[in-house]
Amino acid sequence: MQAETSLKSKVATLRTARQAWEADEVAASNRRKYEILAETYRLLTSSTPEELREVAILFDISMNAATPAASIAVKIVFGDTDRRRASSLGKVLEAAQAKKKKPEDLVQWIMDEGGVENIRLQKAKSSVEKPAEIGKAK
């Protein structure tokens with residue numbers, strides 16, 4: 001019984017420490033990442049895809065003809081060793097472009113949307129009817 005209480009106390013302490021870490025340090029780190037991403041977005045919106053490709057070549061950034069300009073901008077700033085991160089952040093910038101967000105509004109928009117992963121996972125709503133809806137209509 002004593003060991004169980006001691007373990008419960010240790011776990012409660014660790015959980016409190018983790019919650020404080022998430023609320024303070026992780027939140028501050030994410031905010032800084034979003035600020036850098038907003039400046040990357042400013043770079044993207046003020047450059048042509050050709051200019052970004054030229055800079056990417058100078059920095060030996062990997063890309064191909066189909067690599068979106070947003071992903072190239074992300075790779076230039078954040079590096080291209082982590083392809084998943086480049087893809088996720090690139091999708092955020094593409095979503096911001098589609099919604100015509102201003103660079104100065106990007107940080108707050110990302111936070112309002114619940115972060116990079118929530119934006120990345122959002123699917124564009126299709127105007128095309130779903131097969132089930134077509135079947136019901138017939």
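When reading the values below, keep in mind they use all heavy atoms of this one structure, side chains included, and skip hydrogens, waters and symmetry mates.
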- Query: Run the side chain to side chain contact (heavy atoms under 4.5 Å, CB included) check on E113 and I110 step by step: do they pass?
  - Reply: CA-CA 5 Å; E113 292 294 317; I110 294 171; 5.9 Å; no
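- Here R83 pairs with nothing under the side chain to side chain donor-acceptor pair (under 3.5 Å) rule; sequence neighbours left out.
- Residues satisfying the side-chain contact (heavy atoms from CB on, under 4.5 Å) test with S88, not counting sequence neighbours, are V116, E117, R120.
- A donor-acceptor contact shorter than 3.5 Å links the side chain of T13 to the backbone of S9.
- Atom CG of D60 is surrounded by 12 or fewer heavy atoms from other residues, nucleotides or ligands within 6.0 Å.
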- Could you walk me through whether L93 and Q97 pass the side chain to side chain contact (heavy atoms under 4.5 Å, CB included) test, one step at a time? CA-CA 6 Å; L93 296 188; Q97 280 183 309; 5.7 Å; no
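- S47 contributes a side-chain N or O that, together with a main-chain N or O of L43, makes up a donor-acceptor pair within less than 3.5 Å.
- The closest donor-acceptor contact from the side chain of E51 to the backbone of T48 lies under 3.5 Å.
- Taken to the nearest 0.5 Å, the CG atom of L37 stands 11.5 Å off from the CZ atom of R32.
- With hydrogens and angles disregarded, a donor-acceptor distance shorter than 3.5 Å links the side chain of S46 to the backbone of R42.
- Every residue two or more places apart in sequence or in another chain was checked for a side chain to side chain donor-acceptor pair (under 3.5 Å) with T45, and none qualifies.
- If you take CZ on R18 and CD on E22, they are separated by 4.5 Å, rounding to the nearest 0.5 Å.
- By the 4.5 Å heavy-atom criterion applied to side chains, E39 and P103 are not counted as neighbours.
- V92 has its side chain out of reach of Y34: every pair of non-hydrogen atoms, C-beta onward, lies at least 4.5 Å apart.
- At least one donor-acceptor pair closer than 3.5 Å links the side chain of R53 to the backbone N or O of N64.
- G90 and S71 get closest at one heavy-atom pair: CA-OG, 4.1 Å.
- In the hydrophobic cluster analysis, where Ile, Leu, Val, Met, Phe, Trp and Tyr join through side-chain heavy atoms closer than 4.5 angstrom, V26 is grouped apart from V107.
- Taking CD1 from I72 and CG from D80, the interatomic distance works out to 11.0 Å, rounded to the nearest 0.5 Å.
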- Residue pair K33, N30: steps toward the side chain to side chain contact (heavy atoms under 4.5 Å, CB included) verdict: CA-CA 5 Å; K33 177 174 67 174; N30 281 338; 4.0 Å; yes
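- Looking only at side-chain heavy atoms (C-beta outward), D112 and W109 stay at 4.5 Å or farther from each other.
- Taking the side chain as every heavy atom from C-beta outward, K102 and D105 approach each other to under 4.5 Å.
- Looking at I76 and L52, their side chains come closer than 4.5 Å, going by heavy atoms from C-beta outward.
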- Task: Using the side chain to side chain contact (heavy atoms under 4.5 Å, CB included) rule, take L44 and Y41 through it: C-alpha gap first, then chi angles, then the decisive distance, then the call.
- Result: CA-CA 5 Å; L44 171 65; Y41 184 55; 4.2 Å; yes
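- Taking CG from L58 and CD from E54, the interatomic distance works out to 8.0 Å, rounded to the nearest 0.5 Å.
- Panel note: side chain K75, backbone S62; a donor-acceptor pair is recorded below 3.5 Å.
- Between the R85 side chain and the F78 main chain, a donor and an acceptor come within less than 3.5 Å of each other.
- The two residues V74 and A86 make their nearest non-hydrogen contact at CG1-CA, 3.7 Å.
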